[in-house]
Structures are given as C-alpha cells and as structure tokens.
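Notes to accompany the following structure.
Reckoned from all heavy atoms, side chains included, excluding hydrogens, waters and symmetry mates. One-based numbering along the sequence shown.
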Amino acid sequence: MRAAIIGGGWAGLSAAVELAKAGVRVTVFEAAKQLGGRARSVEVQGQRLDNGQHILVGAYRETLRLMQEVGADPDRLLKRLPLELSFPASQPLPFHLRLPRLPSPWHLAAGLLAARGASLSEKISAVRFMRFLQGAAYRIGEDCTVTALLDRHDQRGSLRRHLWEPLCLAALNTAPAQASAQIFVHTLRDSLGSGRAATDLLLPAADLDQLFPTAAANFIRARGGEIRVSTRVEAIDAGPGIRGESFDHAVVAVGPQHAAALLVRHAETIASAQLLAEYAFEPIGTVYCGYPPQVRLPLPMLGLEDRARAQVGQWVFDRGALCGTAGVLAFVLSGHGAWEELDNAALAATLHRQLAATLDRRLPVVLWYQVIREQRATFCCRPNLRRPSVRTALAGCWLAGDYVCAEYPATLEAAVRSGVAAASEILLSESLPVARRASAAGDNSAPQFLRHG
C-alpha cells in the first residue's frame with residue numbers, strides 16, 4: 001500500500017511515521033526546502049535557532065511517544081522543569097508561582113496557596129475554580145470567551161493577570177477576550193488538572209529540527225519511504241493521484257488555507273474547503289537578541305510585565321541556559337497586539353527596555369537582533385469554531401493538522417495527534433493492525449481522538 005503525505009510539518013510527519021511503522025510505503029511532499037512546517041530551525045547569525053520559541057509540557061503524551069519512537073530522546077533534547085511563572089516587575093508586588101513535586105492534586109493546591117504576589121482570597125477562588133471544572137468533567141455547557149468564563153467564576157487580580165490569562169494566550173495564541181473557553185478548559189484538564197508530570201515545562205535544549213523532524217525523516221527513509229522537499233502539490237487527482245503518481249491514500253497535512261485550495265477542486269469536498277477558507281489567523285513574533293555572554297536571566301523563562309497592557313512582549317527565554325548559546329535571549333509575542341505596528345528596530349529596542357525594567361538593572365547594548373514574524377502562526381481559536389473531520393468525502397483523502405484535532409488549540413501536540421489519528425483511520429479502513437494505546441490519564445488515547453476528529 002502506498003500513501004502520499006502532503007506537508008512535512010509535525011502533523012504530516014506523525015502520520016508518515018505511524019504508516020511507515022505499519023509497513024505502508026509513504027512519500028512525503030514538502031513545498032519548502034526543509035521539514036518542520038511552522039516549527040522548524042533557521043540559521044541566524046551563524047547559529048541554529050528556531051523560527052519561533054516553542055514550549056512543550058508534560059501533557060504532550062503523543063509528541064513524547066513519537067519522539068521516542070523515532071529515536072529522538074526527550075530526556076536529552078528537552079529540559080524538564082516544574083511549572084514556574086515569575087513576573088519580577090509586577091505591581092504592586094512581584095508575582096511568583098512554582099508547582100512543587102508533590103502528587104496530584106496536592107502539587108497544584110500547594111503551588112497556588114504558596115504563590116507570592118496574590119491575595120489569599122484570590123488563591124481560594126482559584127482552587128474553587130479548578131474544583132468546579134473537575135466536578136463538571138471539564139465541560140462548561142455553551143461555549144463562551146475565556147474572559148467571560150473567568151468573570152463568571154470571579155477570577156480576578158494577580159492570579160488572573162499572571163496565571164489564567166497568560167496560560168490562555170500561550171496555549172491558544174488568542175486573546176482571552178476572543179478565545180474559546182471550552183478549548184482553554186481542555187488544556188487545563190490535561191495540564192493543571194492531570195498528573196503532576198503533565199504540568200512540567202519541557203523547554204527545547206536543541207533546535208526544533210532535532211526534536212522530531214530530522215529523526216522522523218530518517219525513520220521513514222529506513223522503512224522504504226521517500227522525503228521530497230521543494231516539491232509543491234498543486235492538486236489532488238481522483239484515485240488519489242499526486243503529481244502523476246497513483247496512491248492508495250493521501251493525507252493533506254497543510255495549513256487550513258492551503259488545504260482549502262486543494263479540496264475546493266472536488267465537488268465532494270467543497271463544503272470542507274469553504275469551512276477552512278473561513279478560518280481567521282493569529283500571528284506570533286519571536287525576537288532574538290544577542291547580548292554579551294555574561295547576560296543571563298534568573299530563570300530560563302521569565303514573564304515580562306506589561307504595565308500599559310499593550311501586549312508587547314509576554315515572555316523571554318534564556319537560550320544560554322537552555323541550549324548553551326550564551327547571551328542569546330528569545331522574546332515571544334503571541335497574538336495580535338501593538339507589537340505588529342513596530343518596525344524591527346523599534347520592536348527590539350522596546351523589548352530591550354522592557355527586559356531592563358523587568359530585571360531592574362541596566363543591560364549591555366544588544367550586539368545583534370533578529371525578528372521573525374509568522375503572520376499565520378495559528379488559527380484564531382474562537383468559541384464554537386467548527387473543526388473538520390480526519391476523513392474527507394473524497395475517496396482515499398484524509399486531513400491532518402492542528403486545526404483537525406477538535407479538543408485542542410493549535411499546538412504541536414494537536415498536530416501530532418491529528419497525524420496519528422489520520423494514520424489510524426487509514427489502517428482501520430484497510431483492516432491493518434492498529435496499535436491501541438491508552439494514556440496514563442485514561443482519556444487521552446489515540447482512539448478517543450478518532451471519535452471527534
């Protein structure tokens with residue numbers, strides 16, 4: 001059996017790995033010169049950096065499983081740290097929350113109650129909020145915005161500003177006033193509401209290519225598959241056929257706007273194409289600043305206080321502590337905001353001043369900077385957003401991508417799960433053996449994601 005994978009991002013590679021493992025001959029078509037999609041490595045100032053600073057968490061079970069499957073050791077490539085949120089310049093008091101290494105749910109309760117910079121009433125309210133969600137099986141009824149959900153449960157003050165809202169923006173890449181509360185609650189279920197290890201931060205200690213794409217490509221080739229980069233697919237013919245070749249199955253694992261352009265050519269999939277064509281998008285900016293090697297942050301990840309609430313920089317990462325590139329700091333700017341109006345020089349200067357204010361000290365001049373703007377980094381995860389199914393109406397044609405994984409926002413884990421689901425559906429349709437894996441949590445297995453696409 002032959003399968004074509006259109007798109008060499010994390011979704012497409014995940015589908016290809018699962019199919020290749022089952023003995024299917026896969027051919028991956030990638031339009032760019034390298035694999036990885038929107039999570040790839042780039043060359044900057046003679047160093048291998050990333051097109052965006054990504055954060056993984058312990059709840060990314062399928063991502064971690066596939067990394068191990070292809071020989072990319074998570075223990076070596078990811079720096080595992082307890083969840084720690086620190087905003088040293090917060091007013092009127094610095095904010096700091098760290099989850100201790102205690103069994104669940106005591107790690108969360110202890111972390112919230114010991115948080116500095118939040119009142120006791122806020123902490124008790126946050127514990128009640130999580131207990132409510134747990135009692136409701138993490139279902140909120142009619143979907144609404146995250147802002148509306150937090151208002152409804154009296155989540156205010158420092159914990160709202162430094163915990164709930166930053167987690168929403170980091171996970172959904174959509175401002176709380178526009179973000180889906182139900183999707184946000186799903187992320188809370190699988191992180192704060194799950195086992196202790198699920199809340200750990202997994203910060204890349206190597207470039208993104210090394211985390212999965214390179215090892216996945218080697219895994220696929222070792223099993224008779226092909227990787228064709230710089231090869232754009234303009235159309236899917238009946239059969240399905242790709243660029244004059246016949247395949248038994250084709251997995252469309254590209255962004256929603258590109259998938260729409262491929263699907264609209266067929267009468268059977270016009271409705272799916274129209275659905276995807278309506279998607280709105282959110283940007284992500286990453287600003288790398290090169291300082292003298294002695295410049296370090298007190299923590300690998302630090303929150304930047306935005307007193308004007310103008311949404312400039314939210315986080316800064318110390319690449320020296322993570323990857324050994326001393327003096328290189330990565331600023332992350334999620335979602336639409338004032339940062340989009342600044343040119344690159346002004347943006348780098350603004351973040352430099354913001355960091356100096358956060359650390360309350362003078363910083364050496366920036367030796368170099370690089371601004372990377374991904375205008376369509378993620379889909380806008382708004383309430384009641386309709387998501388497509390893995391299976392399309394076109395015979396032999398399937399979808400994969402973070403927008404297909406109905407319970408999650410646009411994350412690496414969602415992309416990986418969608419690829420696994422597409423591969424599992426193909427194998428089931430051909431009556432080939434499918435590995436049935438059950439996660440430790442019991443409700444995050446691959447078969448679950450087959451049910452709701």
Side-chain angles (χ1 to χ4, degrees), residues 3-30 32 34-40 54 56-57 59-74 77-78 202 204 208-223 225-227 229 249-256 259 378 387-391 397-428 432 434-437 439 444-450 453:
I5 312 296
I6 305 171
W10 288 52
L13 290 174
S14 298
V17 165
E18 291 288 271
L19 291 172
K21 185 174 64 175
V24 178
R25 288 181 57 201
V26 298
T27 302
V28 178
F29 297 90
E30 170 53 51
Q34 67 183 103
L35 301 173
R38 286 166 290 157
R40 64 190 184 279
H54 286 73
L56 290 75
V57 295
Y60 283 15
R61 296 181 181 89
E62 284 295 275
T63 302
L64 297 175
R65 180 187 67 81
L66 274 195
M67 286 178 65
Q68 291 178 324
E69 188 79 58
V70 300
D73 182 10
L77 297 172
L78 296 170
L202 307 180
L208 288 174
D209 284 355
Q210 300 304 311
L211 291 193
F212 181 61
T214 298
N218 292 336
F219 183 94
I220 293 162
R221 291 190 184 103
R223 285 153 183 79
E226 292 184 72
I227 306 290
V229 296
H249 297 275
V251 178
V252 179
V254 295
T378 68
R387 311 280 280 272
S389 168
V390 167
R391 182 188 295 267
C397 184
W398 312 81
L399 279 178
D402 51 24
Y403 55 95
V404 180
C405 189
E407 286 207 337
Y408 278 6
T411 60
L412 292 178
E413 178 72 357
V416 168
R417 283 180 180 265
S418 73
V420 171
S424 297
E425 286 276 24
I426 289 172
L427 298 178
L428 285 171
L432 295 177
V434 180
R436 293 284 178 164
R437 295 170 301 277
S439 73
N444 289 306
S445 61
Q448 177 197 19
F449 278 82
L450 296 182

Practice task
Please report the shortest heavy-atom distance between Cys405 and Arg387, naming the atom on each side.
Solution key: O-NH2, 2.6 Å

Practice task
For Arg38, enumerate each residue passing the side-chain hydrogen bond (donor to acceptor under 3.5 Å, both in side chains) test, keeping only those at least two apart in sequence or located in another chain.
Solution key: Asp402

Completion exercise
Value for CG (Leu64) from CG (Leu56), rounded to nearest 0.5 Å, stands at 7.0 Å

Practice task
Could you pull out all residues at least two apart from Glu413 that satisfy salt bridge (Lys or Arg N to Asp or Glu O under 4.0 Å)?
Solution key: Arg417

Exercise for the section: Could you tell me which residues satisfy side-chain contact (heavy atoms from CB on, under 4.5 Å) with Gln34, sequence neighbours excluded, listed by chain and number? Expected result: Arg40, Asp209

Practice task
Compare every heavy atom of Ala423 with every heavy atom of Glu18, then report the nearest pair and how far apart it is.
Solution key: CB-CB, 3.5 Å

Handout entry: Residues that Arg221 engages under side-chain contact (heavy atoms from CB on, under 4.5 Å), provided they are two or more places apart
Key = Ala217, Asn218, Ile227

Practice task
Taking the side chain as every heavy atom from C-beta outward, state whether Pro74 and Leu202 have any atom pair closer than 4.5 Å.
Solution key: no

Problem - For Phe29, all residues meeting ring-ring contact (aromatic ring centres under 6.0 Å, His included), sequence neighbours excluded - result: none

Problem - Residues that Ala72 engages under side-chain contact (heavy atoms from CB on, under 4.5 Å), provided they are two or more places apart - result: Met67, Val70, Leu77, Ala215

Problem - Heavy-atom side-chain contact between Thr411 and Thr63 under 4.5 Å - result: no

Practice task
Identify, with sequence neighbours excluded, every residue that meets salt bridge (Lys or Arg N to Asp or Glu O under 4.0 Å) alongside Glu226.
Solution key: Arg228

Practice task
Might you point out which heavy atoms bring Val251 and Ala400 nearest each other, and give the distance in Å?
Solution key: CG1-CB, 3.8 Å

Handout entry: Heavy-atom side-chain contact between Ile5 and Leu19 under 4.5 Å
Key = yes

Completion exercise
For Glu69, the side-chain hydrogen bond (donor to acceptor under 3.5 Å, both in side chains) test, sequence neighbours excluded, returns Lys21

Practice task
Mind checking the CG-NE2 spacing from Leu208 to His54? Nearest 0.5 Å is all I need.
Solution key: 6.0 Å

Fill in the blank from the handout: CD1 (Ile220) and OG1 (Thr27) are apart, to the nearest 0.5 Å, by 10.0 Å

Exercise for the section: Compare all side-chain heavy atoms of Ser14 with those of Phe212 and state whether any distance is below 4.5 angstrom. Expected result: yes

Practice task
Identify, with sequence neighbours excluded, every residue that meets salt bridge (Lys or Arg N to Asp or Glu O under 4.0 Å) alongside Arg391.
Solution key: Glu425

Problem - Heavy-atom pair with the smallest gap, counting every atom of Gly8 and Leu13 - result: O-CD1, 3.5 Å

Exercise for the section: State, yes or no, whether a side-chain contact exists between Val57 and Tyr60 at a heavy-atom distance under 4.5 Å. Expected result: yes

Exercise for the section: Identify the two heavy atoms, one from Ala3 and one from Val24, that lie closest to each other, and give their separation to 0.1 Å. Expected result: CB-CG1, 3.9 Å

Handout entry: Heavy-atom side-chain proximity of Val252 to Cys397 below 4.5 angstrom
Key = yes

Problem - Under 3.5 Å donor-acceptor, Ser424 side chain and Val420 backbone - result: yes

Problem - Nearest-0.5 Å distance, CH2 of residue Trp10 to CG of residue Leu211 - result: 5.0 Å

Problem - Shortest non-hydrogen separation from Pro388 to Tyr403 and the atoms involved - result: CD-O, 3.6 Å

